[in-house]
Novice: 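Below is a structure I'd like to ask you about.
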Amino acid sequence: MRIFLAGAAGVLGRALIPHLTADEVVGLTRSHHKAGLLERLGVVPVVADAYDSERLLQAVVDARPDVVVNFLTDLTAGSSELNAKIRREIGPALVAAAEAASARRLVVESVAWPLEGASAEALSVLEGSALGSNLDALVIRFGRLWGPGTWHAEPPEPPRVRIDDAGRRAAELIAAGSTGVQIVASAFQD
């Protein structure tokens, strides 16, 4: 399977990649520095700003993916506004790019806890654009990620999931061809 992974160098993307060894993965990153990391992980890197819609479209079309995975977030500044913007603007753009590339499937990262205000509205746009597309769409609602490289070294309040478990479970859902909405969170207290 050929996968275009937007957000490949992010914490969830890096947790997913080791579980995609049987697949060809093209990974989007906005950092030339992180492109080297992706190469070391066995991913073909594409360096582009996801907000450059023409470049994003071309990158996805050139990758000829079977599956487009949207694990893009913008949490670096700790700003919910920036994260809402990437969901609201880039989510629909990746849907359009996946359709233009004749991908069969789309997988989108979401959250398993309630959001409010602009964050909730942006999440609704992200999920709605995926599930309303002509693609076999899967929305994965992850619990709060914790573990190495995340915001939480210790288990946060539920719903939650260890980052390594999140990557493994996402790979299983991608391989199984799952569609609709799936929740990935621990069913027990960690």
Novice: With the side chain counted from C-beta on, respond yes when V46 and T29 share a heavy-atom pair under 4.5 Å apart, and no when they do not.
Specialist: no
Novice: Restricting to non-hydrogen atoms, name the atom on S178 and the atom on R105 that form the minimum distance, rounded to 0.1 Å.
Specialist: O-NH2, 2.5 Å
Novice: Given the rule that I, L, V, M, F, W and Y join up when any side-chain heavy atoms are under 4.5 Å apart, are I140 and I163 in one cluster?
Specialist: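 Yes; I163 is reachable from I140 via cluster members.
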Novice: Under the criterion side-chain contact (heavy atoms from CB on, under 4.5 Å), I'd like the reasoning laid out for E99 against L135: C-alpha separation, chi angles, the key distance, then a yes or no.
Specialist: CA-CA 7 Å; E99 289 175 337; L135 302 161; 4.0 Å; yes
Novice: Looking at D62 and Q58, what are the two nearest heavy atoms and their distance?
Specialist: OD1-NE2, 2.6 Å
Novice: Applying salt bridge (Lys or Arg N to Asp or Glu O under 4.0 Å), run through D136 and R104 and close with a yes or a no.
Specialist: CA-CA 6 Å; D136 292 336; R104 293 186 333 257; 5.7 Å; no
Novice: Go through it in stages, so that I can follow the logic: the residues are L28 and L56, the test is side-chain contact (heavy atoms from CB on, under 4.5 Å), and I'd like the CA-CA distance, side-chain angles, deciding distance and then a yes or no.
Specialist: CA-CA 9 Å; L28 180 71; L56 178 63; 3.7 Å; yes
Novice: If you look only at pairs with a residue in residues 165-176, which of them pass as a salt bridge (Lys or Arg N to Asp or Glu O under 4.0 Å), with sequence neighbours excluded?
Specialist: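 As it turns out, the salt bridge (Lys or Arg N to Asp or Glu O under 4.0 Å) pairs with a partner in residues 165-176, which skip direct neighbours, are D165-R168, R168-E172, R169-E172.
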Novice: Give a yes or no on whether a salt bridge exists between E109 and R141, defined as a side-chain N under 4.0 angstrom from a carboxylate O.
Specialist: no
Novice: Drop me the distance from L126's CG to N83's CG, to the nearest 0.5 angstrom.
Specialist: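 One finds 9.5 Å between CG of L126 and CG of N83.
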Novice: Quick one: are V161 and W146 in side-chain contact, heavy atoms under 4.5 Å?
Specialist: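 SC-SC contact between V161 and W146 ruled out.
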Novice: In terms of hydrophobic clustering (I, L, V, M, F, W, Y; side-chain heavy atoms under 4.5 Å; direct or indirect links), are V25 and V11 co-clustered?
Specialist: yes
Novice: Identify the residue among V139, L138, V108 that makes a side-chain contact (heavy atoms from CB on, under 4.5 Å) with V181.
Specialist: V139
Novice: Please check if L173 and M1 belong to a single hydrophobic cluster, counting links between Ile, Leu, Val, Met, Phe, Trp and Tyr side chain heavy atoms closer than 4.5 Å.
Specialist: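 Yes.
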Novice: If I compare all heavy atoms of G147 with all of R162, which pair ends up nearest, and what's the gap?
Specialist: CA-NH1, 4.5 Å
Novice: What heavy-atom pair brings H19 and A171 nearest, and what distance separates the two atoms?
Specialist: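 So the two residues come closest at CB-CB, 3.3 Å.
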Novice: Nearest 0.5 Å, what's the OG-CG distance between S110 and L131?
Specialist: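 One finds 9.5 Å between OG of S110 and CG of L131.
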Novice: Among I174, V26, D66, I17, whose side-chain contact (heavy atoms from CB on, under 4.5 Å) with I3 holds?
Specialist: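 With I3 as partner, side-chain contact (heavy atoms from CB on, under 4.5 Å) holds for just one option, I174.
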Novice: Could you note down all residue pairs passing salt bridge (Lys or Arg N to Asp or Glu O under 4.0 Å) where residues 19-29 supplies at least one of them, sequence neighbours left out?
Specialist: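 Qualifying pairs: R2-E24.
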Novice: Evaluate side-chain contact (heavy atoms from CB on, under 4.5 Å) for W151 paired with L75, printing each intermediate quantity in order.
Specialist: CA-CA 10 Å; W151 290 88; L75 301 169; 3.9 Å; yes
Novice: Have a look at L72 and tell me which of L5, L12, I86 forms a side-chain contact (heavy atoms from CB on, under 4.5 Å) with it.
Specialist: I86
Novice: Answer whether the closest heavy-atom distance between the side chains of F142 and F71 falls below 4.5 Å.
Specialist: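 The answer is yes; the side chains approach within 4.5 Å.
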Novice: Is a side-chain donor or acceptor of S31 paired with a backbone partner of H33 at a separation under 3.5 angstrom?
Specialist: yes
Novice: Just so I know, are the side chains of P65 and V60 near enough to count as touching, which here means a heavy-atom distance under 4.5 Å?
Specialist: yes
Novice: To the nearest 0.5 Å, what is the distance between CH2 (W113) and CD (E157)?
Specialist: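 Spacing of CH2 (W113) from CD (E157) equals 9.5 Å.
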Novice: How far apart are the C-alpha atoms of K85 and Y51, what are their side-chain angles, what is the distance that settles it, and do they pass the side-chain contact (heavy atoms from CB on, under 4.5 Å) test?
Specialist: CA-CA 10 Å; K85 179 180 178 185; Y51 288 105; 3.6 Å; yes
Novice: Flag the pair N70 / V107 as yes when at least one side-chain heavy-atom distance between them is below 4.5 Å, and no otherwise.
Specialist: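 A side-chain contact under 4.5 Å is absent here.
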Novice: Which heavy-atom pair separates S80 from S119 by the least distance, and what is that distance?
Specialist: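 Smallest interatomic distance, heavy atoms only, reads CB-OG, 3.8 Å.
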Novice: Are V67 and V184 connected in a single hydrophobic cluster, I mean Ile/Leu/Val/Met/Phe/Trp/Tyr linked by side-chain heavy atoms less than 4.5 Å apart?
Specialist: yes
Novice: Work out which heavy atom in G143 is nearest to a heavy atom in A112; give both atom names and the distance.
Specialist: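 Result for this residue pair: N-CB, 4.0 Å.
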Novice: Flag the pair L41 / P18 as yes when at least one side-chain heavy-atom distance between them is below 4.5 Å, and no otherwise.
Specialist: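 Sidechains of P18 and L41: no contact.
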Novice: Do any pairs count as a salt bridge (Lys or Arg N to Asp or Glu O under 4.0 Å) and have a residue in residues 32-54, sequence neighbours left out, and if so which ones?
Specialist: none
Novice: Do V69 and V111 belong to the same hydrophobic cluster, where Ile, Leu, Val, Met, Phe, Trp and Tyr are linked whenever their side-chain heavy atoms lie under 4.5 Å apart, directly or via other members?
Specialist: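 No, separate clusters.
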Novice: Quick one: does any side-chain atom of S129 pair with a main-chain N or O of V125 as donor and acceptor, under 3.5 Å?
Specialist: yes
